Student: 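Quick one: the structure is below, and I'll ask about it shortly.
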Amino acid sequence: MVCAAEHVVREITFSDALKESGSQRRLLLLGNGFSRSYSENFAYPSLYSRAGKFSPEIEKIFERYAPDFEAALAEISRCRRDASILDRAELDRQDAEIKNRFVETISQVHPKNSMHMESRQVGSCSDFLAN
């Protein structure tokens, strides 16, 4: 039997995390909350409205799940479980269409570099990411 090691999670301040990590390599995963605090352009309604027209099959899914890209992808995933091989190929195409359009749309609203960020956020974001 394999048992997972017990992990203790404790809450610490950012400055304490910097001190404790010393010269170790630091990794950072920024989620949508970080992007949303930068700009509402990263909110699903904004991204969905900027994404343009999808194929008729995807439009039908979004009739139920718009503007939630994750919910639309989850629906495709649910359908895939019981689908025939031919249907799976179509569902794979739909999955790829949504993901590709999502990435394209985020790329359109994403600042090209820090020079394109609003001044109020450049300082705090740069300070944070510099660590």
Side-chain angles (χ1 to χ4, degrees):
M1 181 166 95
V2 177
C3 296
E6 186 174 318
H7 296 280
V8 176
V9 177
R10 60 190 172 88
E11 190 172 320
I12 61 174
T13 65
F14 184 67
S15 59
D16 287 342
L18 290 175
K19 288 176 197 166
E20 289 184 25
S21 62
S23 62
Q24 295 176 5
R25 182 175 176 222
R26 297 181 184 119
L27 303 172
L28 175 66
L29 174 64
L30 299 175
N32 196 40
F34 183 86
S35 301
R36 293 275 311 271
S37 70
Y38 168 70
S39 172
E40 280 300 308
N41 288 336
F42 289 100
Y44 279 164
S46 175
L47 293 171
Y48 180 74
S49 69
R50 291 171 184 265
K53 292 294 268 179
F54 288 92
S55 67
E57 299 83 7
I58 301 300
E59 290 289 341
K60 190 167 190 125
I61 293 169
F62 274 119
E63 284 175 11
R64 185 168 181 197
Y65 295 104
D68 192 335
F69 289 84
E70 288 177 80
L73 291 168
E75 176 64 17
I76 291 170
S77 183
R78 278 189 295 277
C79 292
R80 189 182 284 124
R81 280 183 246 150
D82 298 322
S84 69
I85 292 173
L86 290 175
D87 289 341
R88 280 192 196 122
E90 170 58 18
L91 292 167
D92 289 346
R93 185 202 65 75
Q94 292 173 15
D95 184 88
E97 180 181 345
I98 292 173
K99 288 176 181 176
N100 289 335
R101 187 72 60 80
F102 184 68
V103 170
E104 290 167 6
T105 306
I106 286 177
S107 296
Q108 292 169 10
V109 300
H110 199 280
K112 303 297 179 221
N113 57 47
S114 63
M115 300 304 292
H116 291 93
M117 293 176 70
E118 296 173 25
S119 61
R120 68 181 169 80
Q121 284 139 337
V122 172
S124 59
C125 289
S126 295
D127 292 346
F128 180 73
L129 296 173
N131 294 291

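Bear in mind the structure is a predicted one, so any value in this text is a computation, not a measurement.
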Student: To the nearest 0.5 Å, what is the distance between CG on Leu47 and CG on Asn41?
Tutor: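 It is 8.0 Å, given to the nearest 0.5 Å.
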Student: Go through Asp92 and Arg80 one step at a time and tell me if the side chain to side chain contact (heavy atoms under 4.5 Å, CB included) criterion holds.
Tutor: CA-CA 8 Å; Asp92 289 346; Arg80 189 182 284 124; 2.9 Å; yes
Student: Could you grab the distance from atom OG of Ser21 to atom CD1 of Ile12, nearest 0.5 Å is fine?
Tutor: 8.0 Å
Student: Roughly how far, to the nearest 0.5 Å, is CG of Asp95 from CD1 of Ile58?
Tutor: 8.5 Å
Student: In terms of side-chain geometry, is the basic nitrogen of Glu90 or Arg93 positioned less than 4.0 Å from the acidic oxygen of its partner?
Tutor: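 Yes.
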Student: OG of Ser49 to OH of Tyr44: how many Å apart, nearest 0.5 Å?
Tutor: 14.0 Å
Student: Check for a donor-acceptor pair, side chain of Ser46 on one end and backbone N or O of Ala43 on the other, with a separation under 3.5 Å.
Tutor: no
Student: Any idea which heavy atoms bring Ala83 and Leu91 closest together, and the distance?
Tutor: CB-CD1, 3.7 Å
Student: Can you find a side-chain donor-acceptor pair between Glu70 and Tyr65 that sits under 3.5 Å?
Tutor: no
Student: Any idea which heavy atoms bring His110 and Phe42 closest together, and the distance?
Tutor: CA-CZ, 3.8 Å
Student: Taking atom CD1 of Ile98 and atom CZ of Phe69, what is their separation to the nearest 0.5 Å?
Tutor: 8.0 Å
Student: Applying side chain to side chain contact (heavy atoms under 4.5 Å, CB included), run through Val103 and Lys99 and close with a yes or a no.
Tutor: CA-CA 6 Å; Val103 170; Lys99 288 176 181 176; 5.6 Å; no
Student: Would you compute the distance between atom CD of Gln94 and atom CD1 of Ile76 and round it to the nearest 0.5 angstrom?
Tutor: 5.0 Å
Student: Would a distance-only check, ignoring hydrogens and angles, find a side-chain to backbone donor-acceptor pair under 3.5 Å from Thr105 to Arg101?
Tutor: yes
Student: Before accepting this row, confirm whether a basic side-chain N of the pair Glu75/Arg81 lies closer than 4.0 Å to the acidic partner's carboxylate O.
Tutor: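 No salt bridge links Glu75 with Arg81.
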Student: Classify the ring geometry between Phe62 and Phe54 as parallel (under 30°), tilted (30 to 60°) or perpendicular (over 60°).
Tutor: tilted
